[in-house]
Number of protein chains: 2
Amino acid sequence: MTFSVPNMKSCTDCPIRYNAVCSKCEPDEIEILEQIKYYRSFAAGQTVFFAGDLLEFVGSIVSGVASLTRTLPDGRVQMVGLLLPADFMGRPNRETIDTDIVAETDLMLCCFRRKPFEKLIEQTPHVGQRLLEMTLDELDAAREWMLVLGRKTAREKIASLLYMIATRMVKLTPGAPEKISFILPITRETMANYLGLTIETVSRQMTALKKDGIIAFDDRRDIKVPDIDVLKAETGEDVYS
Amino acid sequence: MTFSVPNMKSCTDCPIRYNAVCSKCEPDEIEILEQIKYYRSFAAGQTVFFAGDLLEFVGSIVSGVASLTRTLPDGRVQMVGLLLPADFMGRPNRETIDTDIVAETDLMLCCFRRKPFEKLIEQTPHVGQRLLEMTLDELDAAREWMLVLGRKTAREKIASLLYMIATRMVKLTPGAPEKISFILPITRETMANYLGLTIETVSRQMTALKKDGIIAFDDRRDIKVPDIDVLKAETGEDVYS
DNA sequence: CGGTATGTTGATATGTTTCAAATCAGGTGG
DNA sequence: CCACCTGATTTGAAACATATCAACATACCG
């Protein structure tokens, strides 16, 4: 697995420049960030932080996917967050981290040592404002997921996850709104940990959705969605809007 | 049900002055807040906002308890947040709200119309900074609850909820660390909606915990915890720390 | 080309829900 | 002060969904 630090002389060329925690920054603020940022990469499967670790740095996902998970003493695992490009990792004003953070795919991070970053939040208001926005969005997403975990059936859970991924793909790939196709970026086990299910149940429900024509796949990862509204109807939510 | 606006000439006398979104404000910032704040009260059971409503104001819980809930079209309900005194309600930069907010007890709010409050965040940095802290804390709490909802058994869920309430009470009432007693501030139905269970299961598990001597109660609301560590052991988490 | 991860399928066990009925607590009016 | 009413809670029996245990199939990778 080889990595190269993206060829970025300046943040101007950064792929997440207008979505990440720095997106509201003026040129002079960017310059300050630029002086203290550094890149780190992790291979798929590597752990970025273990729960309980000192939180030495915070940062943005430049590319790849990372998961936040909590584990009970007897080994039960629940994913509690999924970080995609532009998402922010870590939290200011906290000495240690309380979840594992794992690279689900190869990962590139734009990092800041935590202490300097905390000072920076006080100096450059646009960083704090953007971080507040992003945190509020994450909180909304977490609450949405609490509804899924607490009240939905296994079939509805799977449909909800697929629907979320599918709509996210549509957003990234403008074009035909129907007949969506995407590569599942996560394993059955990761799906299970996300949804509070076992891998067997995930597998069975995927098969059931396929049998009912809601989704189609031959390769286990390459999912096709003939009609996104039909999929949404399986999530238990209203189809409208 | 009668309410009186607390006798507060100034924020100085406010019971949540040093915990709420205003806690970091300097006297000059407080003065600005003071000019636009207003109080509103709601009786237990009243709905403050319905999901989809225009978010006309935001504000702090001065006293009482409010819940955030999401409802599926077929009537399934999941609580996704519980607001206690000093907690913040609503979110800046969002036109509508996506959860119901209900007064679980009589409620007193310190409100700000949303638009002026949004401007205020940009002008008075300490409000935004504190709001970021509070939002990050809420996100942590939401993730903790995702673990409960996704991976814990009914018995562990009940124990987790009771443990949370018990420890919160201990924090408020310094004194004997063992032999805790508290009044459950919520009904069995509210507990069920919080935990993703039915009221029958809640009732059965409460009875089971009582039978096993983990908790004690004659009145359905007045709970005694003989040994808080024994209760914690039932949550499925590590007892240490 | 074997060996290991990952994923699928089947049979059974288990925990929680569902449906139904009984009990309890608090408030109201006689 | 008591009988009654209502909503909240408890309890029981049966149905159901998901987990568990076990075997097998498939894809991946050196």
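Predicted model only: the values in this text are computed from it and were never measured.
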Q) Of all the choices, D/dT10, D/dT18, C/dT16, which nucleotide is nearest to the side chain of B/Leu197 once you look at every atom? A) C/dT16

**Q.** Nearest to side-chain heavy atoms of B/Glu200, which nucleotide of C/dG7, D/dT20, D/dT11
**A.** D/dT11

[X] [atom1] to [N] [atom2], straight-line distance once rounded to whole Å:
{"X": "A/Asp219", "N": "D/dC28", "atom1": "CG", "atom2": "C1'", "value": "12 Å"}
{"X": "B/Leu184", "N": "D/dT10", "atom1": "CG", "atom2": "P", "value": "10 Å"}
{"X": "A/Arg151", "N": "D/dA17", "atom1": "CZ", "atom2": "P", "value": "16 Å"}

So what does [X] hit on the nucleic acid, given a heavy-atom distance under 4.0 Å: a base, only sugar-phosphate, or nothing?
{"X": "A/Gly45", "answer": "nothing"}
{"X": "A/Arg155", "answer": "nothing"}
{"X": "A/Arg220", "answer": "base"}
{"X": "A/Thr187", "answer": "sugar-phosphate"}
{"X": "A/Ile199", "answer": "nothing"}

Q. Taking only N and O in the side chain of A/Thr201, is any of them less than 4.0 Å away from OP1 or OP2 of D/dA19?
A. yes

Q) Can you tell me if the side-chain N/O atoms of B/Thr198 get under 4.0 Å from OP1 or OP2 in C/dT18? A) no

(Q) Looking at B/Asp98 and B/Arg91, is any side-chain nitrogen of the basic one under 4.0 Å from a carboxylate oxygen of the acidic one? (A) no

Q.
Would you say the rings of B/Phe49 and B/Phe57 are close, in the sense that their centroids are separated by under 6.0 Å?
A. yes

Q: Go through the steps to decide whether B/Thr235 and B/Glu156 satisfy the test side chain to side chain donor-acceptor pair (under 3.5 Å), and finish with yes or no.
A: CA-CA 4 Å; B/Thr235 64; B/Glu156 289 170 338; over 6 Å; no

Q.
Going by the glycosidic torsion and a 90 degree boundary from 0, is the base of C/dA20 oriented syn or anti?
A. anti

Q: Give me the residues of residues 64-80 of chain B where at least one heavy atom lies under 4.0 Å from an atom of DNA chain C, by number, or none.
A: none

Q) Any donor and acceptor pair, going by atom type alone, linking the side chain of A/Asp53 with main-chain N or O of A/Phe50 inside 3.5 Å? A) yes

Q | B/Met89 vs B/Val58 side-chain heavy atoms within contact, under 4.5 Å | A | no

Q: Flag the pair A/Glu56 / A/Arg113 as yes when at least one side-chain heavy-atom distance between them is below 4.5 Å, and no otherwise.
A: no

Q. On DNA chain D, nearest-nucleotide positions of A/Arg204 versus B/Met206: which is more 5'?
A. B/Met206

Q | Residue matched to D/dA22 through Watson-Crick or wobble contacts both under 3.5 angstrom | A | C/dT9

Q) Quick one: does A/Arg221 reach the base of C/dG7 with a side-chain donor-acceptor pair under 3.5 Å? A) no

(Q) Is it the case that D/dT11 (base atoms only) and B/Arg188 (side chain only) share a donor and an acceptor within less than 3.5 Å, ignoring hydrogens and angles? (A) no

Q: Look up atom CG in B/Leu231 and atom CD1 in B/Ile158, then write down how far apart they are to the nearest 0.5 Å.
A: 11.0 Å

